[in-house]
Amino acid sequence: MSRVVLGVCGSIAAIKLPLLVRLLRDRGHDVRVIMTHSSMQFVTPMALSVLSESPVWTPDQCEQGYVQHISWAKDADAMVVVPASANTLAKMAHGLADDPLSMTLLSYTGPIMVVPAMHDSMWLHPATQSNVLQLKNRGVHVLGPDMGALSSGDAGIGRLCEPELIADSIDWMTGPQPTLTGCRVGVIMGGTREPIDPVRLICNRSTGQLGSAIATGAVHAGAIVTVISTEPIHHPQFKEVVMVETAEAMYQSVLSRYSDFDVVIMPAAVGDYAVSTPSANKIRKTGNGLSIHLQETPDILAELGRLKTHQQLVGFCLGDGDIVTTAQSKRIQKKCDWMIANDPTQFGSAHRSGWLIGDHHVTPYHHLSPTELARLILLPLSR
Ligand SMILES: Cc1cc2nc3c(=O)[nH]c(=O)nc-3n(C[C@H](O)[C@H](O)[C@H](O)COP(=O)(O)O)c2cc1C
């Protein structure tokens, strides 16, 4: 279990903290909360204490008989400031230590993430931008802010990222860290959908969960991430998200960007067959059954292997029987650096078991969450 210290600042976005604390507890993190004085106007210490199952440290408890900021800083595996106010970002950048949160941050030597939330005018102010740059240069991870509706009624950049994404990023902070700084990564994900007629599709059970975890992890590792997906996916730090539906559209989309990628990871479930001629109108019942002619879709991974120049390529292989031998030969045939092999019973399940196969490596893995499996895949790609 990892111990996460959450610092909460004065922003209306602090109302999302109870949900975040609950998510982190559900994922097995031990959560300690430090509140700033103004944050207590937006969320109560009682709510966060109940949900974290631990006493919350507030500024009025500064007169402790021991140096709590040092002991909390020593024990933490990660510190996360959420929502991070413009004021606290400024204090962090300049090393001020006048309340429990800023004192603990200044004493802490482990990984720190800040998740800002503020009106876009505060975020875009040169003072805030220069403070954030200083923090980044010191190795602080900055998640967001997001674009969207702001509490003032305006729209712009400044929204707090969603609690799920914050929790995913905290999962990434509290384990072995892949490093992909500046590396251009393409993640191709989701199950393709082939039209039969304007209302019917041939699809599969892919959830896109693993692709989403890989893409989030790659951002956390410092990569410049493009996602080509059949499923909606969002992270304020993605370079681009390209939504596609069919295998052909996925193929065109990947190939047109391939030379710009250093790494391509392809957990997509690409249908092997598409309807040769989809009907322009909804097909009616005739009482005589229906025959549909299917044709094979392009083999995207094989094509990426064939056209490979400098890219590292990670493919996925789903099948039954001797899946390891099948995946080993597919890895060589499709010129993949790594191939992840699993059987069809794993499809769409929350935890996965299988094998990570590389040059002279066959590493079995058991019952991993999407984030854990994503970490296993990204670690050997580190540069
Ligand atoms: C209603 C209201 C909402 C606020 N929302 C934000 C916000 O979203 N982000 C921010 O940086 N400051 C916001 N502020 C200003 C901060 O609360 C203020 O700068 C405070 O000093 C921050 O203190 P702290 O960093 O110690 O939490 C808000 C103030 C009020 C009154």
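One-based numbering, in listed order, for ligands and for the atoms of each.
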Participant: Short N/O distance, under 3.5 Å, between Ala86 and ligand 1?
Facilitator: yes

Participant: Check this for me: does any side-chain nitrogen of one of Arg32 and Glu53 sit under 4.0 Å from a carboxylate oxygen of the other?
Facilitator: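 Looking at Arg32 and Glu53, the cut-off is not met.
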
Participant: Just which atoms of ligand 1 are under 4.0 Å from any heavy atom in Cys9?
Facilitator: 27 (O)

Participant: Quick one: nearest non-hydrogen protein atom to atom 2 (C) of ligand 1, plus distance?
Facilitator: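 Nearest neighbour among protein heavy atoms for atom 2 (C) of ligand 1, to 0.1 Å: Phe42 CZ, 3.6 Å.
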
Participant: What part of Thr88, side chain, backbone, both or neither, has a heavy atom within less than 4.0 angstrom of ligand 1?
Facilitator: both

Participant: Please determine if Lys16 and Glu162 form a salt bridge, counting it only when a charged side-chain N lies under 4.0 Å from a carboxylate O.
Facilitator: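 Looking at Lys16 and Glu162, the cut-off is met.
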
Participant: Does any N or O of ligand 1 fall below 3.5 Å from an N or O anywhere on Ala117, backbone included?
Facilitator: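 Yes, since at least one N or O of Ala117 sits under 3.5 Å from an N or O of ligand 1.
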
Participant: Contact between Ala13 and ligand 1, counting heavy atoms under 4.0 Å?
Facilitator: no

Participant: Keeping the roles fixed (side chain from Arg331, backbone from Gly315), state whether a donor-acceptor pair exists under 3.5 Å.
Facilitator: no

Participant: Looking only at protein heavy atoms, identify the closest one to atom 17 (O) of ligand 1 and say how far it is in Å.
Facilitator: Gly10 O, 2.9 Å

Participant: Got a second to check how far Leu165's CG is from Asp146's CG, nearest 0.5 Å?
Facilitator: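 Going from CG on Leu165 over to CG on Asp146, the span is 8.0 Å.
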
Participant: Does any N or O of ligand 1 fall below 3.5 Å from an N or O anywhere on Ser39, backbone included?
Facilitator: no

Participant: Hey, is Met122 touching ligand 1 through its side chain, its backbone, both or neither, going by heavy atoms under 4.0 Å?
Facilitator: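 Contact part for Met122 vs ligand 1: side chain (C-beta onward).
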
Participant: Students should be able to answer this: which protein heavy-atom is nearest to atom 5 (N) of ligand 1, and at what distance?
Facilitator: Ser11 CA, 3.7 Å

Participant: Considering all protein heavy atoms, does one lie under 4.0 Å from atom 10 (C) of ligand 1?
Facilitator: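 There is a protein heavy atom less than 4.0 Å from atom 10 (C) of ligand 1.
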
Participant: Check whether any side-chain N or O of Glu194 sits under 3.5 Å from a backbone N or O of Thr192 as a donor-acceptor pair, and report yes or no.
Facilitator: no

Participant: Taking only residues at least two apart or on different chains, which pairs with a member in residues 180-189 satisfy salt bridge (Lys or Arg N to Asp or Glu O under 4.0 Å)?
Facilitator: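 The answer is Arg184-Asp262.
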
Participant: Let me know which of Val219, Val263, Val225 forms a side-chain contact (heavy atoms from CB on, under 4.5 Å) with Val187.
Facilitator: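 Answer after filtering Val219, Val263, Val225: Val225.
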
Participant: Identify the closest protein heavy atom to atom 26 (O) of ligand 1: which residue and atom is it, and at what distance?
Facilitator: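 Among all protein heavy atoms, the one nearest atom 26 (O) of ligand 1 is Thr36 CB, 3.3 Å.
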
Participant: Run the salt-bridge test on Asp260 and Arg257 with the 4.0 Å N-O cut-off and return the result as yes or no.
Facilitator: no

Participant: Does any N or O of ligand 1 fall below 3.5 Å from an N or O anywhere on Ser38, backbone included?
Facilitator: yes

Participant: Is the shortest distance from atom 13 (C) of ligand 1 to a protein heavy atom below 4.0 Å?
Facilitator: yes

Participant: Say whether, by atom type as modelled, one donor and one acceptor occur between the side chain of Thr230 and the main chain of Glu245 under 3.5 angstrom.
Facilitator: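 Here the side-chain-to-backbone pair does not exist.
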
Participant: Can you list the residues that meet the side-chain hydrogen bond (donor to acceptor under 3.5 Å, both in side chains) rule with His361, with sequence neighbours excluded?
Facilitator: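 Counting only residues at least two positions away or on another chain, His361 forms no side-chain hydrogen bond (donor to acceptor under 3.5 Å, both in side chains).
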
Participant: When you compare ligand 1 with Asn87, is there at least one nitrogen or oxygen pair between them that comes in under 3.5 angstrom?
Facilitator: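 N/O-N/O distance below 3.5 Å exists for this pair.
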
